[in-house]
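Every value quoted in this text rests on a predicted model; they were computed, and no experiment measured them.
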Amino acid sequence: MSTTERPRILVVGGGYVGLYAARRIMKKMRYGEATVTVVDPRSYMTYQPFLPETAAGSISPRHVVVPLRRVLPGAEVLTGRVVDIDQDRKVASVEPLVGESYELPFDYLIIALGAVSRTFPIPGLAENGIGMKGVEEAIGLRNHVLEQLDKADSTTDEEIRRKALTFVFVGGGFAGAETIGEVEDMARDAAKYYPNVKREDMRFILVDAADKILPEVGPQLGTWGLEHLRERGIEVYLSTSMKSCVDKHVVLANGLEVDASTIVWTAGVKPNPALARFGLPLGPRGHVDTAPTLQVQGSDYIWAAGDNAQIPDLAAGEGAWCPPNAQHALRQAKVLGDNVVSGMRGFPQQDYKHANKGAVAGLGLHKGVAMIVFGKARIKVKGRLAWYMHRGYHGMAVPTWNRKIRVFADWTLGMFLKREVVSLGAIENPREEFYEAARPAPAPAAAVPAPVAKTEQKAEAAKAS
């Protein structure tokens, strides 16, 4: 880590907002005007809308992550966590991956920690649930599902087969509906290569506490999406919740009980709990309270945006807040970057205002829904065309041309080549096989002395002979 006398702009979080805000600042400011420092536990940013397709094998995992050091060559990128902020001294406490914590002074601060999975104290969830917030979880889910097909195809125990081929998804928003749609599609394709597994043997269950799914695209398209999933043999239970999943025995509030080897949790997100330690003004749900300029309330040197911020939605009217999605995060990051440079130079700040342009969702290959807003008109699209719109929008929204080209290349190859259905579950414990080969062989068992009685019997027999 370099030392400098220049002002430091500290970006806490290297996700969508952190990455784009840092790039915007470095583009707008003069050479040597300030030092931009990004701190994040991961050295890459993940484009989360592509996680369902990553879990289904339609996109390579490496192509949905953006290495921070590569796209921010002029910035300091520190791999660690900001665990505390002293606003009076303008100092942040950084906890690196290894070594002792240290203090990092700053002049301007950007809070871009994003969100984490919103969970509830459900017995068994922590031990058995699989989230969908990171690329690691998407890879793990894919390997896990294919491993269950391997198990079911290789056993004659009906109870084991039934449990292996039962998949429960909790949460019917974008993440839940898209993930179950993509994974069911992959499992359906994979079943062609398993002689003892058919799609009819599998049981896919989607659970949501609300009375509808995909609320982001409106009631009409949400209803179509619900009917579409049910036509594919997916059981959907609305207005209910999961009460327990101890030992992977799922109990729903509506009375349904089932053993499931796969339990995927996508029931919403909440602001990163670390915000509570920073001494910032928080809203009722834990978001950082910001002004329309994205400045934290009561501060002229701290900004926040994205999933961890409570930002007034000026386009929607008084009392509305910007929803946590990529559409807003991208535009907020640009305004935030401009405002940081303006604040550093003593210029006025601009308000963030963006009218919703709609929403798109993919439900597997050639299946999707889209709601596009043109002024007061709302255009609703479903099926293959909506799927193309989904891929087109997110393909262009993923950061950097490097990743755009790689993602479109994955999709193009997928048009001509069959999807890979191999499980790499051993990747989660890559040293296990080597350890078994390299560990010292167990010592041979010590010779056990013959019982005294037997020895005496042999002596007597020898005398008699």
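- No side-chain heavy atom of Leu78 sits under 4.5 Å from any side-chain heavy atom of Val38.
- Using modelled atom types, one finds no donor on one side chain facing an acceptor on the other under 3.5 Å when comparing Thr166 with Arg203.
- With Val39 as the partner, the side chain to side chain contact (heavy atoms under 4.5 Å, CB included) test is satisfied by one option alone out of Val77, Val94, Val12: Val94.
- Residues Lys357 and Gln327 bring no donor and acceptor atom of their side chains to less than 3.5 Å of each other.
- A donor-acceptor pair shorter than 3.5 Å cannot be found between the side chains of Glu100 and Tyr102.
- Aromatic rings from Tyr393 and Trp387 are positioned such that their centres are separated by 6.0 Å or more.
- A donor-acceptor contact closer than 3.5 angstrom is absent between the side chains of Trp265 and Glu137.
- Leu252 places none of its side-chain heavy atoms less than 4.5 Å from the side chain of Val258.
- Side chains of Thr37 and Glu76: a donor on one and an acceptor on the other come within 3.5 Å.
- In the model, Tyr47 has no side-chain atom that pairs as donor or acceptor with a side-chain atom of His63 under 3.5 Å.
- Each of Asp153, Asp150, Asp201 was scored for a salt bridge (charged side-chain N to carboxylate O under 4.0 Å, His left out) with Arg161, with one residue passing: Asp201.
- Residue Arg81 places its CZ atom among 12 or fewer non-hydrogen atoms of other residues, nucleotides or ligands, all under 6.0 Å distant.
- For Tyr388 and His366, the side-chain atoms include no donor-acceptor pair closer than 3.5 Å.
- By the 30° and 60° cut-offs, the orientation of the rings of His390 relative to His394 is perpendicular.
- Ring pair Phe204/Phe169 is parallel by interplanar angle, where below 30° counts as parallel and above 60° as perpendicular.
- When only modelled atom types and interatomic distance are considered, His144 and Thr262 share a side-chain donor-acceptor pair under 3.5 Å.
- More than 12 heavy atoms of other residues, nucleotides or ligands sit less than 6.0 Å from atom NZ of Lys367.
- For the residue pair Gln48 / Thr46, no side-chain donor-acceptor distance below 3.5 Å is found, with atom types taken as modelled.
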